[in-house]
Enquirer: 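Got a structure for you, written out below as structure tokens; questions coming shortly.
All heavy atoms count here, side chains included; hydrogens, waters and symmetry mates do not. In the text below, chain A, chain B and the rest are named by the order of the sequence lines, each starting its count at 1.
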Protein chains: 2
Amino acid sequence: MVTSRRIPEATVARLPIYLRCLHVEAKRGVPTVSSERLAELAGVNAAKVRKDLSHLGSYGTRGVGYDVGFLIFQVRRELGLTQDWPVAIAGAGNLGQALAGYAGFRARGFSLVAMFDTDPAKVGQSIHGTPVHPIGALPAVAAEEGVAIGIICTPPEVAQELADAFVDAGVKSLLSFAPTVLSSPDHVALRMVDLSMELQILSFHSQRVAEQLVEGL
Amino acid sequence: MVTSRRIPEATVARLPIYLRCLHVEAKRGVPTVSSERLAELAGVNAAKVRKDLSHLGSYGTRGVGYDVGFLIFQVRRELGLTQDWPVAIAGAGNLGQALAGYAGFRARGFSLVAMFDTDPAKVGQSIHGTPVHPIGALPAVAAEEGVAIGIICTPPEVAQELADAFVDAGVKSLLSFAPTVLSSPDHVALRMVDLSMELQILSFHSQRVAEQLVEGL
DNA sequence: GTTTGTGAACCACTTCACAGCC
DNA sequence: GGCTGTGAAGTGGTTCACAAAC
């Protein structure tokens with residue numbers, strides 16, 4: 001169904017998983033995958049794989065499966081990975097530095113072009129090859145470098161200001177690791193990742209398991 | 001509706017957000033919050049807040065709202081945060097060390113009791129006060145310390161082995177930062193956080209925005 | 001008057017099941 | 001015979017809208 005250009009959010013969130021699995025198969029020299037096989041690798045159900053991929057177009061062959069190389073290309077194109085997106089990180093603390101050192105960045109078509117921090121000891125330095133600018137330079141540098149994705153690794157108190165600064169500089173996608181709720185205009189994509197939230201959700205499950213054990217006695 | 005003991009997954013995932021917002025209001029000395037106010041702070045819709053909270057019980061007062069302190073207690077109880085959960089981290093690289101230094105850990109009722117790594121230079125050391133053990137010691141140490149939550153910060157190649165080791169040691173909740181699909185038995189909760197996946201999803205949105213700009217010409 | 005708690009309507013996503021093509 | 005693509009049915013979650021409680 002190549003006609004409709006509205007891909008469900010849930011499908012978009014799974015495309016990177018499929019892509020990774022496809023790369024694994026490509027590296028093994030496998031020429032084609034069935035939805036069954038891809039589903040197994042991605043840890044989902046085969047019908048879901050077929051419906052997801054059908055949103056990109058009819059790229060499979062009945063009785064055969066999907067051509068691995070061709071499907072990799074199509075998924076990458078759909079995700080916008082055929083072009084390079086400039087990324088900037090606000091906050092050069094532990095997490096910011098760990099992210100800057102993440103090898104998967106450039107490997108996957110993202111260029112880390114700038115970091116920002118308030119600490120005078122860090123400003124002017126280079127972390128894993130990326131220059132650290134003062135926070136005040138964010139609007140100018142982000143605009144000049146054409147930053148597409150802003151990553152926020154600051155304390156929660158200043159996260160919203162940083163988000164606003166990125167938005168003002170024309171950044172259209174934000175990823176925050178700050179433990180606070182952020183808001184952004186409708187046209188800006190905002191994703192939040194929060195360790196303490198993940199732990200609390202797991203705490204709920206731990207408790208549920210513990211209760212079941214007690215009940216089972 | 002205190003009768004039903006099945007809280008929707010989506011609600012559980014939002015409880016930590018509400019909890020954080022409630023703490024903010026408590027610190028400001030606010031005695032009660034309406035669903036409207038809590039919704040605004042949490043960035044969701046008021047009806048959703050009410051339905052979510054109704055799953056915990058009827059803790060609100062019509063015409064008044066929810067008592068902040070009481071609601072904090074109930075949400076914490078529901079999430080299992082009134083008890084301490086021992087946590088272990090496998091992988092003492094950049095990310096593992098950044099997580100070990102995360103102050104929110106102990107502050108929120110999680111005790112980081114052990115780290116594991118293969119690097120002989122790290123084994124025997126202590127990172128932010130947490131001892132680093134060899135990977136081989138994982139089953140014994142995790143079982144002995146009663147680890148409830150295992151965090152995986154290793155390269156993807158060994159992530160599944162580590163997950164299996166945690167599961168064998170009786171760990172019932174896993175959080176993985178490794179960029180690979182993991183599988184675990186049904187009774188083990190597994191959450192995955194993946195920077196490169198988040199970036200790829202944002203890449204999709206960046207591309208969509210770029211396309212709209214072109215169309216708009 | 002205010003605000004909760006909740007059926008009912010709605011919507012998005014998932015899964016089934018099978019026709020259609022290889 | 002094998003596997004995709006997709007309508008149709010099913011599921012879970014969201015939002016509406018209002019009666020009940022303060």
Enquirer: Nearest-Å distance, NE2 (B/H55) to P (C/dT4)?
Expert: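 To the nearest whole Å, that distance equals 16 Å.
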
Enquirer: Indicate, with a heavy-atom threshold strictly under 4.0 Å, whether A/E9 touches base, sugar-phosphate, or nothing.
Expert: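 If one applies the 4.0 Å heavy-atom cut-off, A/E9 turns out to touch the sugar-phosphate alone, with no base involved.
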
Enquirer: It should be established whether B/T61 places a side-chain nitrogen or oxygen under 4.0 Å from OP1 or OP2 of nucleotide C/dT4.
Expert: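 Result: no.
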
Enquirer: Can a donor-acceptor pair under 3.5 Å be found between the side-chain atoms of B/R62 and the base atoms of C/dT4?
Expert: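 By the distance-only test, yes, there is a pair.
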
Enquirer: Any side-chain heavy atom of B/P139 sitting closer than 4.5 Å to one from B/D168?
Expert: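 B/P139 vs B/D168: side chains apart.
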
Enquirer: The side chain of A/K48 is closest to which nucleotide in this list: D/dT15, C/dT14, C/dC18?
Expert: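 In terms of side-chain proximity for A/K48, the closest of D/dT15, C/dT14, C/dC18 is C/dT14.
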
Enquirer: Go through A/E211 and A/R208 one step at a time and tell me if the salt bridge (charged side-chain N to carboxylate O under 4.0 Å, His left out) criterion holds.
Expert: CA-CA 5 Å; A/E211 278 167 7; A/R208 209 170 49 79; over 6 Å; no

Enquirer: For C/dC22 and A/Y66 - does any side-chain N or O of the residue sit under 4.0 Å from the phosphate oxygens OP1/OP2?
Expert: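 For A/Y66, the contact criterion (side-chain N or O under 4.0 Å from OP1 or OP2 of C/dC22) is not met.
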
Enquirer: Counting heavy atoms from C-beta on, name the nucleotide in C/dT4, C/dC16, D/dT4 closest to the side chain of A/A47.
Expert: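 Within the option list, the nearest is C/dC16.
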
Enquirer: Between D/dT4, C/dC13, D/dA17, which nucleotide has the shortest distance from any of its atoms to the side chain of A/P8?
Expert: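 Nearest listed nucleotide: C/dC13.
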
Enquirer: Please tell me which of A/T11 and B/V33 maps to the more 5' nucleotide of DNA chain C, matching each residue to the nucleotide holding its nearest heavy atom.
Expert: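 First, find each residue's nearest nucleotide; the 5'-ward one identifies B/V33.
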
Enquirer: Please tell me if the side chains of B/I152 and B/F166 come closer than 4.5 Å, counting only heavy atoms from C-beta onward.
Expert: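 Answer yes - side chains close enough.
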
Enquirer: Looking only at side-chain atoms of B/A10, point me to the closest of D/dT15, C/dG5, D/dG13.
Expert: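 From the listed options, D/dG13 comes nearest.
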
Enquirer: Taking the side chain as every heavy atom from C-beta outward, state whether A/K51 and A/H55 have any atom pair closer than 4.5 Å.
Expert: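 They are in contact (side-chain heavy atoms under 4.5 Å apart), so the answer is yes.
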
Enquirer: Here's a test of your reading of the structure: between B/L53 and A/R14, which maps to the more 5' nucleotide of DNA chain C?
Expert: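 Nearer the 5' end of the strand: B/L53.
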
Enquirer: Determine whether a donor-acceptor pair (one donor, one acceptor, N or O, separation below 3.5 Å) exists between the side chain of B/K51 and the base of D/dT15.
Expert: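 Such a pair is found, so the answer is yes.
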
